[in-house]
Amino acid sequence: MREANLIGGDWVDSDAGRTLEVLDPATDALVGRVPAMGRAETTRAVDAAAAAFPGWAARPAAARAATLREIASRMEAAKSGLAALVTAEQGKPLAEAAAEVEYAQSFFEVAAAAVDTLEDERPSVSGKSIRVRRRRVGVAVAITPWNFPIAMLAKKVAPALAAGCTQILKPAEQTPLSAIAFAEIAVEAGVPAGVFNLLTGDPAPIAEVLLADSRVRKLSFTGSTEVGRLLMRGGATNLLRLSLELGGHAPMLVFEDAGIESAVRIAMAAKYRNGGQTCICPNRFLVHESIHDAFVAALAAASAALVSGIGTQPGVALGPMIDDVAIAKVEAHVADAIRHGATLVTGGGRRRVAGAADRFHEPTVLAGCTGEMRCWREETFGPVCPVRSFRDDDEAIELANDSEYGLAAYAITSAPDRIERLGTSLQAGVIGINDPGPAVAAVPFGGVRHSGFGREGGRWGLEEYLELVTVSQVDD
Ligand code: NAD
C-alpha cells in the first residue's frame, strides 16, 4: 500500500518528514501513515496544477473522456482491494464499501458521457451572431469528508477532469488512504502529471495556502456547515467559485397510505447506511398519527435486529462511529432527548463488540420527539431514529421544513396529488419518494439553505467547473 502524496506526477513525502497515523475506527489498529503536508508542499501542488492546466484543457474532450473511462474500468478491477481499504479506515461493512466503490466509478462514467455538453450554443439575437462558449475555470481544489472516502472524491474529480480543469484533492485526515489508492489508479489510467494532485495532512495550513493563491479558481467542499462557512469567508478575497455540499437533517414523512412493512424497509435502508453517518440519512421521522404506533414498533424491532461489528465480519450491518467525539455526540443527543421527554423505544447506549474498540452505538428509536431536542435540530450523524407524529399534510410539511438544513427529504406515499405538492414544497435539494437512495451519479445532487449550494452529478456537475463566455459578433 502506497502512503505518499502525488504532486506534479511525483510520489512525495512531506518536506519535514512529518506523518499522520490512520487508525481503523473499529479496532484502533494502525492502518497506515500518510504525509502531513505543509505550506511549501501545497504551493508546489498549485504550481503543478497551474502548469498542467493549459495542456489538459486543450486536450480534445473525447480524449479526456477516454481517460475517465479508463479510471472507471481500473476501479472496477481494483474493487475488492479498494473496498477493503475503505472498510479498514472508515469502518463501514464491506458490502457497503463495495457499493461505495461502484457508486464512485459511476461518476467517472457519467462525467465521461457528459463531455459532449461542453459544446458552444448559438442563441438567436437579431442583427448579431452570438456564440456562448464554455470555458473551464482553471485549477480546482476538492476537500472531502471521511464518511465516503472514495465516493466523495469521485464526485469532484470526475467532473473537474471532464471539464478540463486540473485539480488538487485534500481528503479527510481520518480516511486519506483510499484517496492515495485512487491517485495510483489515476496515474495508471494515464492522467498526466500535474492534472491530479493529492495532499494529505492537517487541513488548516493547506487550506490557507490554497485560498490565498489566486491561481486557484474553484473550491468544491463536502463537509460540515461550520467548515463550509469558514471556507466561504476565506475564499472571499479571491472571489473563489464555490460548491458547498454541507450538513443535512433530512425528514422522512410516512403518510397514512404507507404499508408498514415497506415503510420500515425504506426507513431502514435510508437511515442505517454507514451507521447513520451519511449526510442524507433521515434524522427526523414524521409519521401520520393513524399508523404511528405500528410504524414505531416495527422500526424498533427491525433496528434492534441489526448486527453490529467489524466491517469485515460476515452479516455485519452496522460498523463503528468514526471516532470518540462522534459516539459521544450520539450519546449526548440520546440523553438530551430523554431528558426532554422522549420515549426510548429501543437501543439508547453503546454496544460491546468482541475484539473491537468501544465505539459502537446501538440502533436507537426515540418516540415523542419535539423541536426542543438537539436530535430534532442538529445532525446526530449516528444510528438514531427520532420520531414524532403528525395530523395532516399541512402539519407534516411545516414540521419537515422547520430546519435550517435542506439537503434531502423523503416521503412514503402513493397519492399523486400529495407527491406533486411535496415536490414543490419540501425545502430540500433531493427528494426521495418511496426511494431510500435518491443519490445517483446521473442526476443533480446538492442542498439548499444551510446545506449549501452547487450540484454534483450528471452534466450539472460539470457546469460547476465551467464559466460561460458570450462572444457577440456584428458583421460589418
Ligand atoms: P468536516 O467539515 O469536519 O471535514 C470535512 C473536510 O474539511 C475534511 O477534509 C477536513 O480535513 C476539512 N477541514 C476541516 N477543517 C478545515 C479547515 N479549517 N480548513 C479547511 N478544511 C478543513 O466534516 P466531516 O466531519 O469530515 O464530515 C461530516 C460532515 O460532512 C457532516 O456534516 C455531513 O453532513 C457532511 N457531508 C455532507 C455531504 C453532502 O453531500 N452535502 C456529504 C457527506 C458529508
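The shown structure was predicted, so the numbers you read here are calculated from the model rather than taken from an experiment. Both counts, for ligands and for their atoms, begin at 1 and track the order of listing.
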(message) Can you tell me how the ring of Phe381 sits relative to the ring of Trp146, calling it parallel under 30°, perpendicular over 60° and tilted otherwise?
(response) perpendicular
(request) Starting from atom 28 (C) of ligand 1, find the nearest protein heavy-atom neighbour and note its residue, name and distance. (result) Phe381 CE2, 3.8 Å
(request) Please could you name the atoms of ligand 1 that Glu245 approaches to less than 4.0 Å, counting only its heavy atoms? (result) 37 (C), 38 (C), 39 (C), 40 (O), 41 (N)
(request) Go through ligand 1 atom by atom and flag the ones less than 4.0 Å from a non-hydrogen atom of Phe445. (result) 40 (O)
(request) Taking all heavy atoms of Ala356 and all of Ala26, pick out the closest pair and write down the distance. (result) CB-O, 3.3 Å
(message) Can you tell me which portion of Glu456 lies within the under-4.0 Å heavy-atom range of ligand 1? Options are side chain, backbone, both, or neither.
(response) neither
(request) Sorted by first residue and then second, give each side-chain hydrogen bond (donor to acceptor under 3.5 Å, both in side chains) pair with at least one member in residues 170-182; sequence neighbours left out. (result) Glu89-Ser178
(request) Look at atom 25 (O) of ligand 1 and say which protein heavy atom is nearest, naming residue and atom and giving the distance to 0.1 Å. (result) Trp146 NE1, 2.9 Å
(message) As a quick check of understanding, evaluate salt bridge (charged side-chain N to carboxylate O under 4.0 Å, His left out) for Asp47 and Arg44, giving each step before the final call.
(response) CA-CA 5 Å; Asp47 294 343; Arg44 288 203 289 277; over 6 Å; no
(request) May I ask you to identify, for Thr225, whether its side chain, its backbone, both or neither come under 4.0 Å of ligand 1 on a heavy-atom basis? (result) neither
(request) In plain terms, say whether Arg359 and Asp323 are close enough for a salt bridge, that is, a side-chain N and a carboxylate O under 4.0 Å apart. (result) no
(message) Quick one about His450 and Arg229 (side-chain donor to acceptor, distance below 3.5 Å, no hydrogens or angles considered), yes or no?
(response) yes
(request) If you have a sec, work out which protein heavy atom is nearest atom 22 (C) of ligand 1 and how many Å separate them, to one decimal? (result) Pro203 CB, 3.3 Å
(request) Identify, by atom number and element, the atoms of ligand 1 in contact range of Glu173, meaning under 4.0 Å from any of its heavy atoms. (result) 10 (C), 11 (O)
(request) Compare every heavy atom of Asn147 with every heavy atom of Glu100, then report the nearest pair and how far apart it is. (result) OE1-O, 4.3 Å
(request) Report yes or no: is the cationic atom of Lys155 (NZ for Lys, CZ for Arg) closer than 6.0 Å to the six-membered ring centre of Phe148, at no more than 45° off its axis? (result) no
(request) Please report which non-hydrogen protein atom sits nearest to atom 34 (O) of ligand 1, along with the residue it belongs to and the distance in Å to one decimal place. (result) Glu379 OE2, 2.4 Å
(request) For ligand 1, note which part of Pro171 has a heavy atom under 4.0 Å away: side chain, backbone, both or neither. (result) backbone
(request) Considering heavy atoms of the protein only, find what lies nearest to atom 18 (N) of ligand 1 and give residue, atom and distance to 0.1 Å. (result) Leu230 CD2, 3.3 Å
(request) Heavy-atom distances under 4.0 Å are what count here, so tell me which part of Ile206 touches ligand 1: side chain, backbone, both or neither. (result) neither
(request) Please indicate whether any nitrogen or oxygen in Lys170 is less than 3.5 Å from any nitrogen or oxygen in ligand 1. (result) yes
(message) Is Ser451 close enough to touch ligand 1? Criterion: a residue heavy atom under 4.0 Å from a ligand atom.
(response) no
(request) Please could you name the atoms of ligand 1 that Met152 approaches to less than 4.0 Å, counting only its heavy atoms? (result) 42 (C), 43 (C)
(request) Ignoring angles and geometry beyond distance, decide whether Thr222 reaches within less than 3.5 Å of ligand 1 through its nitrogen or oxygen atoms. (result) no
(message) Against ligand 1, does Lys155 come closer than 4.0 Å with any heavy atom?
(response) no
(request) May I have all residue pairs that pass salt bridge (charged side-chain N to carboxylate O under 4.0 Å, His left out) and include part of residues 441-450, sequence neighbours excluded? (result) none
(request) Could you list which atoms of ligand 1 come closer than 4.0 Å to a heavy atom of Asn147? (result) 43 (C), 44 (C)
(request) Could you list which atoms of ligand 1 come closer than 4.0 Å to a heavy atom of Ile143? (result) 6 (C), 7 (O), 9 (O), 12 (C)
(request) Of all the heavy-atom pairs spanning Arg215 and Ala50, show the shortest one and how long it is. (result) CD-CB, 4.2 Å
(message) salt bridge (charged side-chain N to carboxylate O under 4.0 Å, His left out), that's the test. Do Glu467 and Arg134 meet it? Break it down for me.
(response) CA-CA 6 Å; Glu467 52 206 357; Arg134 286 185 168 73; over 6 Å; no
(message) Just by distance, no angles: are the side chains of Ser308 and Arg351 close enough, under 3.5 Å, to form a donor-acceptor pair?
(response) yes
(request) Give the C-alpha distance, both sets of side-chain angles, the deciding distance and a yes or no for ring pair (Phe, Tyr, Trp, His ring centres under 6.0 Å) between Phe390 and Phe285. (result) CA-CA 10 Å; Phe390 66 83; Phe285 288 88; over 10 Å; no
(message) Would Gly447 count as a contact residue for ligand 1, given that I'm defining contact as a non-hydrogen atom of the residue lying under 4.0 Å from a ligand atom?
(response) no
(request) Output yes when Arg455 and Glu464 qualify as a salt bridge under the 4.0 Å nitrogen-oxygen rule, no when they do not. (result) no
(request) List every atom of ligand 1 that sits less than 4.0 Å from any heavy atom of Gly248, numbering the atoms from 1 in the order shown and giving each element. (result) 34 (O)
(message) Would Leu246 count as being in polar contact with ligand 1, using the rule that some N or O on each side must be under 3.5 angstrom apart?
(response) yes
(request) Would you mind checking if Asp324 and Lys329 are paired as a salt bridge, meaning a charged N to carboxylate O distance below 4.0 Å? (result) no
(message) Counting neighbours of CD on Glu404 that are heavy atoms of other residues, nucleotides or ligands and sit closer than 6.0 Å, is the number greater than 12?
(response) yes
(request) Determine whether the side chain, the backbone, both or neither of Gln174 has a heavy atom under 4.0 Å from any heavy atom of ligand 1. (result) neither
(request) Tell me which protein heavy atom sits closest to atom 36 (N) of ligand 1, plus the residue, atom name and distance to 0.1 Å. (result) Cys279 CB, 3.5 Å
(request) Work out whether the distance between some heavy atom of Phe221 and some atom of ligand 1 is less than 4.0 Å. (result) yes
(request) Considering only non-hydrogen protein atoms, determine which one is nearest to atom 2 (O) of ligand 1 and report residue, atom name and distance to 0.1 Å. (result) Ser224 OG, 2.6 Å
(request) Heavy-atom contacts with Ala207 under 4.0 Å: which atoms of ligand 1 show up? List them by number with element. (result) 19 (N), 20 (C)
(message) Among all protein heavy atoms in this structure, tell me which lies nearest to atom 9 (O) of ligand 1, with the distance rounded to 0.1 Å.
(response) Thr144 O, 2.7 Å
